Amino acid sequence: MHGPVAGWVGGSIGGLAKATRCVVSAEVPLLTPFTMAQQSATGDHIEFSEVFPMARIGRRTGAVGAVLALGIAIGGSALAAGMSDDDEALAPTRHPANRTIEQKVDALLSQMTTKEKLQQVQLLSDGQITDADAKAGVGSVFSLVDPVKINHFQHVAVQQSRLHIPILFAYDTIHGYRTIFPAPLGAASSFDPNVAQADAVVGAKESAIQGLKQIYSPMVDVSHEPRWGRIVEGAGEDPYLGSVMAAARVKGAQGSDYSARDKVVASVKHYVGYGQPEGGRDYNTTDMSESRLRNMYLPPFKAAIDAGADTVMCSFNAINGVPGCANKYTETDILKNEWGFDGFIESDYTAVAELRACPPVKPDSGPCGHGVAADGPDAGAAALMAGTDSEMVSTNLRDYGQQLLNQHRITMSRLDDAVRRILRVKYRAGLFDHPYVDVSRASDPASYGKPADLAKSRWAASRSMVLLKNSGTPLPLDPSKSTALIGPFAETVDEVLGPWSGRGSDELAPKFVSLFDGLKAASSAPVTYTAACNLAHNFDPPNNAVPPITADDEVCAGPGTDGTTIQDAVSAANHSQQVVLALGENGFMSGESNSRSQLDLPGHQEDLLNAVAATGKPVVVVLFNGHPLDLTAVQDKAAAILEAWFPGTEGGNAVADVLYGKVNPGGKLPVSFPRGVGTVPYYYNHEPSGRPCDPTFKWNSRYRDLPTCQPLYAFGEGLSYTSFDVSNLSLSRSSVGRNGKLTVSMDVKNAGRRKGDDVVQLYIHDPVASISQPVRRLRGFQRVTLAAGASTTVTFTLDKSDFGFYDNQGKYVVEPGTIEVYGGDSSAATMEKSFTVTQ
């Protein structure tokens with residue numbers, strides 16, 4: 001039986017270093033209709049290696065050659081013999097330290113004065129940096145994007161500072177720099193690491209052209225909080241899916257050597273627990289057990305480090321009372337010592353200053369709040385000695401470092417360690433050899449939005465959409481029928497690009513494609529547009545002020561941007577053969593500091609939907625949003641619902657590709673959609689209860705005003721224009737030792753009449769353990785493309801990294817007993833088998 005006495009203690013494997021999975025495909029997918037249409041439209045030949053970057057790095061064998069022989073330009077479901085996409089993404093690629101670089105770092109460090117060392121640990125913003133800072137040898141600068149200024153400060157640093165150490169310039173390239181890809185939560189919906197990697201490849205290239213050599217990405221915070229604004233920046237509620245996407249993004253951004261001119265060093269954020277704030281309010285505190293920290297929130301960070309990420313950003317929040325940027329346990333004990341991380345940790349924006357109690361002391365201004373430091377010197381010492389290597393915006397270490405050394409509140413060995421880590425990354429990034437920007441290239445619009453990159457963005461967006469409903473099959477639309485496009489989000493840039501969209505709307509960026517433009521290009525019949533209402537936002541960018549919310553804020557009331565009203569929308573619907581409503585959230589309602597207390601459609605969008613639905617026309621709702629929304633009032637009114645998230649530069653074309661059937665949607669939800677905000681947090685991989693929810697019986701964990709225990713839409717759920725049968729779940733053996741492994745296979749058949757994608761998903765459950773285990777845990781997935789009538793067999797491998805877990809002492813244990821295995825194409829998978837872990 002299971003139990004702490006009978007269990008074994010293993011190494012720090014983190015549930016990530018998995019055995020190889022073999023996927024044998026019965027069909028190699030052919031060129032997608034979208035790809036052919038894109039090539040025909042642009043006249044450009046798109047190389048497979050340019051659009052499907054994981055193939056380029058040479059890990060795939062066998063199937064890739066066959067795919068190339070067929071001339072496939074865009075893929076994601078062609079499977080190598082021996083490794084599925086999720087395992088390929090998770091395969092560790094971190095390199096050991098280079099001896100030559102280490103010698104250079106040691107030699108340079110030995111020449112540095114204390115003042116120069118304290119400059120290296122300083123990270124300034126674009127509004128702070130001066131010539132004096134550069135001449136003094138400041139370490140890093142973020143958010144400066146003018147290539148002329150970047151070059152200027154770099155010349156000062158390299159030519160005028162005593163030791164000629166280049167500055168590391170950084171930027172928040174989250175889902176694209178100028179060519180914008182789907183928001184990361186949308187990309188996670190693809191269940192395809194190739195989507196995340198393609199995004200990172202293009203974002204890194206365009207950032208590097210601009211003179212930026214570090215990106216503050218990927219954000220890998222697991223979150224069960226749909227109210228949290230930054231849930232849009234991550235991969236949702238599951239640590240395994242998040243780990244796969246995190247690793248893929250790091251590999252895309254850094255490649256095998258981020259000194260390459262088109263690569264950058266990735267900074268994984270926010271370390272750690274930032275995605276689980278109390279009440280869903282950004283920056284709020286987090287409290288959790290050791291087992292939950294290690295099993296739920298640390299795995300994506302570990303996957304990113306294993307993939308080679310060389311910088312990490314510590315978080316604003318406190319975890320169990322200790323702020324992320326002053327947390328020696330997470331920063332030094334786990335990240336640096338246990339995981340062997342030899343890069344550097346930078347603080348988030350003013351996070352070191354925020355360690356102070358309020359009111360702020362020394363200096364007597366600036367952020368404060370956590371109350372673990374009395375003043376600025378105390379805050380600087382707490383951060384450095386915990387493991388933070390670089391201080392962003394606030395200057396406590398630079399200003400008070402010598403004093404702290406004299407008082408023995410920080411040590412020279414720890415300061416040297418921080419500087420050594422920063423110099424190591426700069427050498428690995430090739431900054432000493434190539435510190436400058438090609439200003440003419442960086443200032444040329446032709447450097448950005450290359451045809452192949454726009455094709456990747458369009459492919460990624462269409463692959464990231466989730467069909468939530470299609471009752472009576474109003475989708476796909478008929479391009480020969482007239483279409484009424486209605487709603488506030490059909491022509492605006494923010495709802496296509498979303499939050500944290502880099503420089504995607506500046507003068508050097510490729511023109512974004514609105515939904516209206518996309519539908520017009522895809523339809524041979526008239527497409528009319530009626531805004532009907534305008535969804536404003538109550539945010540004042542010039543001074544970051546938030547005025548009091550009034551009845552005129554975020555109400556989606558007429559007239560719209562085109563002067564039309566809801567009555568005009570009803571008329572437009574009556575005079576068209578097909579109706580599409582573009583609804584959701586504007587781009588300012590998601591992202592940092594944009595938590596929401598309600599999750600329904602903001603304003604009067606439901607009134608608009610109700611009025612148009614009353615015409616009797618089947619209404620297709622396209623959602624642009626970053627929060628998982630409460631769609632209980634939308635579900636019954638809409639005939640079809642397509643979750644498009646914030647799809648990026650080519651978003652309008654990508655949505656049109658799906659609506660008109662050029663692309664068959666195959667995305668799955670990476671996060672549960674709630675039935676009302678009062679039910680959150682809900683997540684599929686929750687722990688069991690002694691009285692599990694049963695809506696037919698009173699004395700259990702139910703809501704008395706809900707007839708179900710399920711969310712409106714569940715993790716892993718998503719429809720298609722065809723249908724799939726997943727069957728024949730089988731295990732290679734019925735028992736396995738603690739260090740053994742077994743294979744699990746399933747058959748999937750396209751039972752419909754059109755080619756499409758499905759995501760085969762493998763879940764496990766440990767029913768009897770020393771610590772209650774989640775009711776289900778995702779441990780494998782593979783997206784496959786099948787022609788009508790075709791089938792394939794997908795095979796996964798399970799080992800101790802899957803059926804073990806961390807206990808509350810931080811030890812990885814594998815306990816003997818039964819493990820239940822579930823297979824299907826959503827988290828509600830019904831096929832079940834089991835095996836026994838033996839002693």
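Everything numeric in this text was worked out from a predicted model, so none of it was measured.
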| field | Test applied, side chain to side chain donor-acceptor pair (under 3.5 Å); reference residue, Gln210; option that passes from Arg178, Arg503, Arg441 | value |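 Checked Arg178, Arg503, Arg441 against Gln210; only one passes side chain to side chain donor-acceptor pair (under 3.5 Å): Arg178.
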| said: I'd like to check Ser720 versus Asp757 (side-chain heavy atoms, cut-off strictly below 4.5 Å). Are they in contact? | reply: no
| query | Is the closest basic N to carboxylate O distance between Lys456 and Asp199 below 4.0 Å? | reply | no
| query | Should the pair Arg463-Asp192 be classified as a salt bridge under the 4.0 Å nitrogen-to-oxygen rule? | reply | yes
| Should Asp657 and Arg458 be marked as a salt bridge (charged side-chain N to carboxylate O under 4.0 Å, His left out) after you check the CA-CA gap, both sets of side-chain angles, and the distance that decides it? | CA-CA 9 Å; Asp657 289 336; Arg458 183 172 178 171; 2.7 Å; yes
| request: Can you sort out the partners of Ala751 under side-chain contact (heavy atoms from CB on, under 4.5 Å), two or more places apart, ordered by chain and number? | output: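 Partners of Ala751 by the side-chain contact (heavy atoms from CB on, under 4.5 Å) criterion, ordered by chain and then number, come out as Ser723, Asp725.
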| message | Please tell me whether Ser514 and Asp517 have a donor and an acceptor in their side chains that are separated by less than 3.5 angstrom. | response | yes
Please identify each residue that fulfils salt bridge (Lys or Arg N to Asp or Glu O under 4.0 Å) with [X], with sequence neighbours left out.
X: Asp438; answer: none
X: Lys450; answer: none
X: Asp825; answer: none

| task | Flag yes if more than 12 heavy atoms outside Lys469 fall under 6.0 Å of its NZ atom; otherwise flag no. | result |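 Enclosed: over 12 neighbouring heavy atoms sit under 6.0 Å from NZ of Lys469.
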| task | Taking atom NZ of Lys481 as the centre, report whether more than 12 heavy atoms of other residues, nucleotides or ligands fall under 6.0 Å from it. | result |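 Result for NZ/Lys481: open.
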| What pairs of residues pass the ring-ring contact (aromatic ring centres under 6.0 Å, His included) test when at least one of them lies in residues 473-511, not counting sequence neighbours? | none
| side-chain hydrogen bond (donor to acceptor under 3.5 Å, both in side chains) involving Gln761 - partner list, sequence neighbours excluded | Tyr763
| Euclidean distance, Thr173 OG1 relative to Lys205 NZ, rounded to 0.5 Å | 13.5 Å
| request: Please confirm whether the backbone N or O of Asp478 pairs with a side-chain atom of Gln578, one donor and one acceptor, at under 3.5 Å? | output: yes
